[in-house]
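In this text the structure is predicted, and so the values were computed from the model without any measurement. Residues take their numbers from the sequence shown, with the count starting at 1.
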Amino acid sequence: MKLFILFYFILTVACLNAQSPVKGCPKIIYHSYQLMWEQCDSTIKKVGTTSFSNKLYIRYKDGSKQYVSEDSIWGIRRKNDYPVRIVDGYFYELVQLSPVYKYIKRVGKYTDYYFSATPDSPLYRYTQEQLQKQTDSATYYEIVKESKNNRHELSIDLYALNTSLLNTDFWGGGLTMKYYLSKKWGTGFSLAGAERKIPETFSFNIGIPTITYMEIGWLNQYDILQAKKLRVGINIINGLLFSELRDKSQTESIRTRYGRKNVSKLIATNYYYLLQPGIDVAYKLFSFRYEPDFYLTFKSGYRLVFGNSNYGSNKEFNGSVFAAGMSLIGFDKMQFSKRKTK
């Protein structure tokens with residue numbers, strides 16, 4: 001009896017874990033029980049749809065063709081692809097067999113998600129509301145748990161920044177991209193830069209001294225708060241900072257991929273290792289029908305540099321950084337659909 005209970009428990013857990021449908025040879029699926037059949041008709045070369053018709057075709061290796069009405073079959077499977085269920089003339093790609101049957105329907109450049117409790121039962125949008133209505137509590141709990149574990153967001157930030165270099169305020173811009181390997185931890189890259197004229201010549205013979213700086217780094221962030229409207233994360237950037245001192249009163253010719261180009265004369269360049277801890281605060285402004293969500297983002301950090309200076313001092317390149325901009329957070333196709341059901 002104990003062995004039976006243990007076997008039943010293992011079987012139940014296995015059934016609740018997500019499984020993928022069988023891929024393989026092209027075939028017409030007349031009934032849903034054929035979904036797990038691995039048998040192939042070796043005479044079939046290809047199956048597909050016809051234009052302006054509710055018929056499908058079967059192309060055989062001998063060159064002949066056969067047509068089948070969509071209404072008379074469950075669906076089709078193209079070569080080495082997931083099965084496709086046909087309902088009311090629409091095609092739903094079956095991508096998962098448990099805990100529910102999960103489908104993808106592509107509409108232009110967008111993707112919608114649906115599910116059914118059995119392979120022949122009605123389709124519903126893949127939303128928390130419908131899943132809770134159409135499944136039992138154990139199945140619903142497993143789906144929510146799976147969705148949380150599989151969610152991997154992408155965040156893109158565009159922002160304007162203010163920082164102090166060489167005791168002078170600089171205004172510039174930046175871009176960061178983060179991929180969330182887990183719900184709260186994201187990793188990616190950061191780019192930022194600025195340029196302005198300054199009065200200091202650093203003992204060089206310069207007519208119009210100008211500083212251009214650029215930083216590129218590896219960003220790691222942990223979100224200490226992820227509420228409905230507010231997100232707060234602490235982060236650190238490891239990277240490189242390049243700072244060029246140029247004279248805008250003189251020009252020099254450089255070679256580019258488009259040919260020769262005249263630019264301000266380069267006087268000296270500083271190369272530094274960059275270490276910058278910081279904090280991000282993002283407030284959700286609105287959501288679209290599809291991903292992503294739009295956030296207003298505020299950033300602050302403190303830049304530390306290490307290396308040798310050809311002009312100025314390392315201390316003069318340390319300083320606070322403040323930024324504000326827009327963030328796009330989402331791009332996650334595994335989460336529940338945001339569409340409201342009717």
Side-chain angles (χ1 to χ4, degrees), residues 154-179 186-221 235-278 280 296-328:
L154 179 66
S155 172
I156 300 177
D157 309 333
L158 290 167
Y159 55 88
L161 67 85
N162 173 261
T163 187
S164 178
L165 289 169
L166 302 163
N167 302 313
T168 305
D169 279 341
F170 278 71
W171 288 91
L175 164 71
T176 64
M177 290 186 67
K178 299 186 295 288
Y179 179 74
T187 185
F189 71 88
S190 172
L191 294 171
E195 177 182 298
R196 70 159 295 171
K197 299 174 185 178
I198 61 171
E200 179 63 54
T201 63
F202 306 100
S203 301
F204 292 102
N205 184 19
I206 304 175
I208 306 176
T210 303
I211 297 292
T212 301
Y213 100 91
M214 175 67 70
E215 60 183 57
I216 179 171
W218 174 34
L219 170 69
N220 284 280
Q221 177 166 314
N235 54 60
I236 189 164
I237 298 173
N238 290 272
L240 298 173
L241 186 147
F242 312 92
S243 180
E244 295 179 341
L245 173 63
R246 292 183 175 272
D247 185 357
K248 278 210 165 183
S249 67
Q250 304 180 63
T251 60
E252 61 183 358
S253 179
I254 63 171
R255 184 185 299 276
T256 70
R257 59 183 297 184
Y258 305 106
R260 307 295 299 186
K261 180 181 178 181
N262 290 328
V263 297
S264 301
K265 184 178 179 180
L266 178 63
I267 305 300
T269 304
N270 290 345
Y271 300 94
Y272 297 114
Y273 166 68
L274 169 71
L275 185 65
Q276 183 173 297
D280 284 14
L296 179 62
T297 304
F298 300 94
K299 301 172 178 284
S300 65
Y302 191 83
R303 180 182 58 253
L304 295 165
V305 299
F306 306 89
N308 296 321
S309 299
N310 292 315
Y311 65 94
S313 66
N314 290 21
K315 186 177 179 180
E316 292 177 299
F317 284 88
N318 294 336
S320 299
V321 180
F322 301 97
M326 295 290 296
S327 295
L328 309 178

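- The CZ atom of R246 sits 7.0 Å away from the OG1 atom of T269 when rounded to the nearest 0.5 Å.
- Residues K178 and L154 approach most closely at O-CD1, 3.1 Å, considering heavy atoms.
- Going from atom CD1 of I156 over to atom CG of L175 covers 7.5 Å, rounded to the nearest 0.5 Å.
- Nearest heavy atoms, F170 versus T168: CD1-O, 3.3 Å.
- In this structure, NZ in K261 is found 11.0 Å from OG in S253, a value given to the nearest 0.5 Å.
- E215 places no side-chain N or O within 3.5 Å of a backbone atom of G239 that could act as its donor or acceptor partner.
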Dump the intermediate steps for side chain to side chain contact (heavy atoms under 4.5 Å, CB included) on R260 and I254, then the final yes or no.
-> CA-CA 6 Å; R260 307 295 299 186; I254 63 171; 5.5 Å; no
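- Sequence neighbours left out, the pairs with a member in residues 303-315 that pass side chain to side chain donor-acceptor pair (under 3.5 Å) are T163-R303, S243-Y311, Y272-S309, S309-N314, S313-E316.
- Considering only heavy atoms from C-beta on, F242 stays 4.5 Å or farther from N270 through its side chain.
- Residue-environment remark: CZ (R255) stays at or below the threshold of 12 foreign heavy atoms within 6.0 Å.
- Every ring pair (Phe, Tyr, Trp, His ring centres under 6.0 Å) that Y179 has, sequence neighbours left out, goes to H152.
- With sequence neighbours excluded, no residue satisfies ring pair (Phe, Tyr, Trp, His ring centres under 6.0 Å) with Y302.
- Counting heavy atoms from C-beta outward, L274 and L240 have side chains that stay 4.5 Å or more apart.
- Going from atom CG of L245 over to atom NZ of K265 covers 11.5 Å, rounded to the nearest 0.5 Å.
- The two residues L266 and A268 come nearest to each other via the heavy atoms CD1-O, 3.7 Å.
- Residues satisfying the salt bridge (charged side-chain N to carboxylate O under 4.0 Å, His left out) criterion with K299, sequence neighbours excluded, are D157, D280.
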Donor-acceptor pairs under 3.5 Å, side chain of residues 190-210 to any protein atom, not counting sequence neighbours: which ones?
| from | atom 1 | to | atom 2 | distance (Å) |
| --- | --- | --- | --- | --- |
| E195 | OE1 | T212 | OG1 | 2.9 |
| R196 | NH1 | D169 | O | 2.8 |
| E200 | OE2 | F202 | N | 3.0 |

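- Residues L275 and N238 are in side-chain contact: their nearest non-hydrogen atoms beyond the backbone lie under 4.5 Å apart.
- Note: E244 CD to I211 CD1 = 9.5 Å, rounded to the nearest 0.5 Å.
- Closest non-hydrogen pair, G217 versus I237, comes out as CA-CG2, 3.8 Å.
- Considering only residues two or more places apart in sequence or on other chains, F322 meets the ring pair (Phe, Tyr, Trp, His ring centres under 6.0 Å) condition with none of them.
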Would you sort out whether L219 and F189 count as a side chain to side chain contact (heavy atoms under 4.5 Å, CB included), showing the intermediate values?
-> CA-CA 5 Å; L219 170 69; F189 71 88; over 6 Å; no
Evaluate side chain to side chain contact (heavy atoms under 4.5 Å, CB included) for L241 paired with Y213, printing each intermediate quantity in order.
-> CA-CA 7 Å; L241 186 147; Y213 100 91; 3.9 Å; yes
